[in-house]
Structure formats: C-alpha cells, structure tokens
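The next block holds one structure in the form of structure tokens; read it before the comments.
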There are 2 protein chains.
Amino acid sequence: MIQTPKSQYEQIADLLRDRIAGGVYPPGSALPSEPELSAELGVSRVTVNRAIGLLRAMGMVRVRRGAGTFVRTLPTILRDARRRYAQRDRGTGAGAVEIADLDLRSHTDYTEIGRTPATAAVARALALAVGDEVLVRRRILFAEDEPTQIADSYYPWYLAEDSPLRQADTGVGGSYARLAEMGCDVVRFTEDVHGRMPTDRERTALRLEAGQPVFDIAHVAWTADSRPVEAAFHVLPCHLWTLRYEWDDPR
Amino acid sequence: MIQTPKSQYEQIADLLRDRIAGGVYPPGSALPSEPELSAELGVSRVTVNRAIGLLRAMGMVRVRRGAGTFVRTLPTILRDARRRYAQRDRGTGAGAVEIADLDLRSHTDYTEIGRTPATAAVARALALAVGDEVLVRRRILFAEDEPTQIADSYYPWYLAEDSPLRQADTGVGGSYARLAEMGCDVVRFTEDVHGRMPTDRERTALRLEAGQPVFDIAHVAWTADSRPVEAAFHVLPCHLWTLRYEWDDPR
DNA sequence: CAGTGGTCTAGACCACCAC
DNA sequence: TGGTGGTCTAGACCACTGC
C-alpha cells in the first residue's frame, strides 16, 4: 500500500477518533461544538460535520440536536444464540437474558399482540400461505432505557389461539415452554442474518444515528418432525451487539 | 407515526430507489449524472451527491469516478455455516462453496502464507500467548472478479510447521482433512459475528463504497477435547451476504 | 434567547475516465 | 478534452435544547 491521500474530513474523523480513544474526550462527555472544531482545525463547519458523520456511522458518538455531540458509553452486548434459547427457564424471557448478564436494567415494551394475516416473509418462515392468520407479538427491548432491539414473533393462529401466548407475560419458561405444553417441543433453530441500513421506522424506534447499520435476524424454531412453530424477526443495532453461534460438525 | 418531514436528500434517495426498483434505471445501467439530476430536480449538486451517498451505503449503486454511477447487479450469497464446513470434501475449499452454488466463477488470491507472532485476537482464539508463533494464511476470495471476502486463517505453528497447510492448495478435503490426519479432528465450531464499518485497507481490498458496513466473523474450530486448532477471521460486505446458522437445542 | 447541529446553495478546484 | 464524481468553502436559514 503506497499512499492514501485522505480527504480532510476523513483525517479529521481519524483525529477525533484518536482523541476519544486517548481519553481527551472521555465517554459521556461532549465534543467541542462544530464551530469550535471548525476554528481550531481551520476548516469549514460543513467539513467538521461530515467528519462527525463518520463517527456517527461507527457508533462512536451520539448527537443530540441543540445540545451537542456526545461520546458513546454503552458496552457491547453478547447474544449467544445457543445459550439464549437454552436458558429459557431463567424466568426472564430470552430477550432479557443478555441484558441481565451485564447487570443492566432491562425492560420490554409490547407494542402489539394480536391476530394478523401472514406477510410473505412470515408465511415463508412458517410454511403457511400468505394471508393465513397468525399471532404476532411485537416488542422493543431496552437496557438502561436505551432501545437495544426490535423483536416481532409470529405463531400459527391455530396454535396460539387459546394459549397464554396472547398475554404479554407468557409465564415461567416463556413461549417455548407454552409451545411444549401444546405438544410442540422445539428441538432445532435456524437463523438467517442480514446486515443492512435500517428503515425510517427502525431508525426512529432504535434511536439510531445516521448511517448506522443493523443486524436483521430471521429466527425459526422447529419441532422434531421439522414443523416451524415460531418465526421471529429481530432488528439490532450492529454497534451494540456481538452475535455468537456454536454448532457441532454433523459429519 | 405522525410526520417525517424528510430532508430533500432523503426524499431524492427514496425517489432514486423507487426508480431503480421500478426498472427506470435497470441493473448495470448508469444513473443520470449529478448535474443532470440536479437540474431535473431543482436542487444543488451537493444535495444530489448526498442522496446518492445513501444509495451507496445501502449497496444499491456503485460509483466509478470519472465514469458515472451504476446500479448494482450481484446477487446475495448465502453462507450456510453448518453446510459450509460439512461440505469440505467437495474439492473446492470451504470458501468457494457458496460461489459455486450460484454458478459464478470463483477464484482465490493468497496474499500471504507464512509464520508470524500471534496478535492478541489470534492468541485469545487459539488459547496461546501473545507473540507465540502461528501459521497465517491470508486470502481474498472473488466471484466474477469481484472481491467478496477477506479470510485470514491461523494455526498453531507446532501443528502446521511440517504440514501441507503451508501450501496454497491444501489438497482434497482442505485444511480440516489435513488437521484430521494430524490427529486433530474438528468436531465443533464457534463464530462471533460483528457488524462494523471497514478499515481503510478492507475498504480498498473489497472495493467498498463509502458507508458500507461489513460482517466481521471470528471463526474457531475445536477438537473433541475442546482444543482450538484453527482461528479464522472473515470480513464480508454486508450487502453481498446472508449468514445462515442452524443448531440443535441442547436441552 | 443564545448556542447547538441539520440542511441547502453557488461556486470552485481537483482527480479520474472515456473518447 | 469534456464529462464524471469528490471535496471544500462561505454564508445562510432552520429546528431544537437548555438556561
């Protein structure tokens, strides 16, 4: 690699990144204002703004309009797929396991629990026809009042109709314990992971900075006879999470 | 959701996205130039440029400086973790499995194969001390001459020293077959997945557009007695890949 | 109300590509 | 050589925050 004659805004982003790493701007503190940085570095404010845009996309700073630009603090959260679903009976739902592990306060906002026709993605995941009735459970999970995840779960309506799955609190063992009581023991999981830019709704709900990508996880739970009984779609800000998977070699 | 008074550049990005989806700008074709769009839409060129920046981050267009902005074509590639490593003996290395599945031409550029001291990340993954000798195999994988992945594999030096792992072509069955011949049967895998912005080197090597995120996968292969015998770090452009994982519930 | 960041413009200069 | 996108500036107006 010979040379990378970087643009000014990239160099400024590097500089600010180094200052943050070096503790000049400690976690939680505000960066100097854009006019200040503009004066200090001898560039226009637009250029400073653009540099800060890179830091935002990296998840290093959060901007509060009218107030300033602040260095981020939240630690990364480990989502260990195998462990997550194996620990169902810890009382907390699967969704809260990771947050509890970090000794953070967690809570869940249910935004919708009800009957709805299956979309194409849901129908495909649950081996139903588009438009078939399903139970949907939409929720947003928080750690220390910061949104960390959107999770929408779907169940075939004929399964969920008269079950506790229609309540926010599904009881000890969570939804998989209820499915088991209905004769649907879950023995296998699959997940398809995408990385992409969030939709406007997702960006708002997760309070994301401009340019920050999300993980989009399509999760399916299977019974021993290979029937899909739950489909869940999770949207997670990339900068907050590490996904861990583990599997045995089938040979 | 009441209102989202979008900025002009966001609206223009939406407009262009719709036109691409609607076939007005078909795959592979060039968008109108920025001055043209600027005139058509009655905004400054900077605003058009910023809108196109959003499309670039989403992976919808590729810009060739001096030539124009082009609609992307490459399909998404499925990386089925379980299958990927189970199909070792298909002759092709694990890295080429997914590309071959899509009937695309694939090739691999080895950029380095040699001895090196373990970095912190490598040492942690292989349960070695920082600075211990390891064999590194660095490569970039291509589909149709487009870079699709960076993969750096590491092996403890005492294992790899006199093995075919030091050659580019590791022979039938690939590296895991060679490890098995050395008494290191791999029976289990773990992967930690991050989503982040690429480094400058990665952006160059993968020919990424500005603002495009990558998957960063730390892959470890384990023997039956829980010894890590291979660590591999993969960097994949998010917009090109879907990661698939599958596991049995350990209860 | 003063200060913050968000956005937009017109104009400019540059590196790069294709002809 | 003309057209493309990349970058930068000075100035402006706005919405929002916190006092």
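Note on naming: letters A, B, ... go to the chains in the order of the sequence lines (proteins, then strands), and numbering restarts at 1 for each one.
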Checklist entry - Ion pair present between B/Arg203 and A/Glu10, side-chain N to carboxylate O less than 4.0 angstrom? => result yes
Checklist outcome for this item: To the nearest angstrom, the CZ-P distance between A/Phe70 and C/dT4 comes to 11 Å
Item to check | Under-4.0 Å salt bridge between B/Glu146 and B/Arg72 | outcome: no
Item to check | Separation of atom CZ in A/Arg45 from atom P in C/dG3, rounded to whole Å | outcome: 14 Å
Item to check | A/Arg64 CZ to C/dT4 P, straight-line distance once rounded to whole Å | outcome: 14 Å
Checklist entry - If you walk 5' to 3' along DNA chain D, what is the first nucleotide with an atom under 4.0 Å of a heavy atom in chain A, and what is the last? => result D/dT7 to D/dG18
Item to check | Closest-nucleotide ordering on DNA chain C, the 5'-leading residue of B/Glu10 and B/Val46 | outcome: B/Glu10
Item to check | Between B/His219 and A/Tyr245, ring centroids under 6.0 Å | outcome: no
Checklist entry - Backbone N or O of B/Met60 within a donor-acceptor pair of the B/Arg17 side chain at under 3.5 Å? => result no
Checklist entry - Is the backbone of A/Val43 close enough, under 3.5 Å, to the side chain of A/Ser38 for a donor and an acceptor to pair up by distance? => result yes
Checklist entry - NA contact type, A/Arg56, heavy-atom cut-off 4.0 Å: base, sugar-phosphate, or nothing? => result sugar-phosphate
Item to check | Test item: A/Trp241 side-chain N/O and A/Val214 main-chain N/O as donor-acceptor pair under 3.5 Å | outcome: no
Checklist entry - Could you give the angle between the helix axes at the two ends of the helix from C/dC1-D/dG18 to C/dA18-D/dT1, with five pairs per end, rounded to 10 degrees? => result 10°
Next on the checklist: B/Arg62 vs B/Glu209, test: salt bridge (Lys or Arg N to Asp or Glu O under 4.0 Å). Steps then yes/no.
Outcome noted: CA-CA 7 Å; B/Arg62 144 155 304 176; B/Glu209 298 292 309; 3.8 Å; yes
Checklist entry - Between A/Gly42 and B/Gly66, which is nearer to the 5' end of DNA chain D once each is assigned its nearest nucleotide? => result B/Gly66
Checklist entry - Is there a donor-acceptor pair under 3.5 Å between the side chain of B/Arg79 and the backbone N or O of B/Ile77? => result no
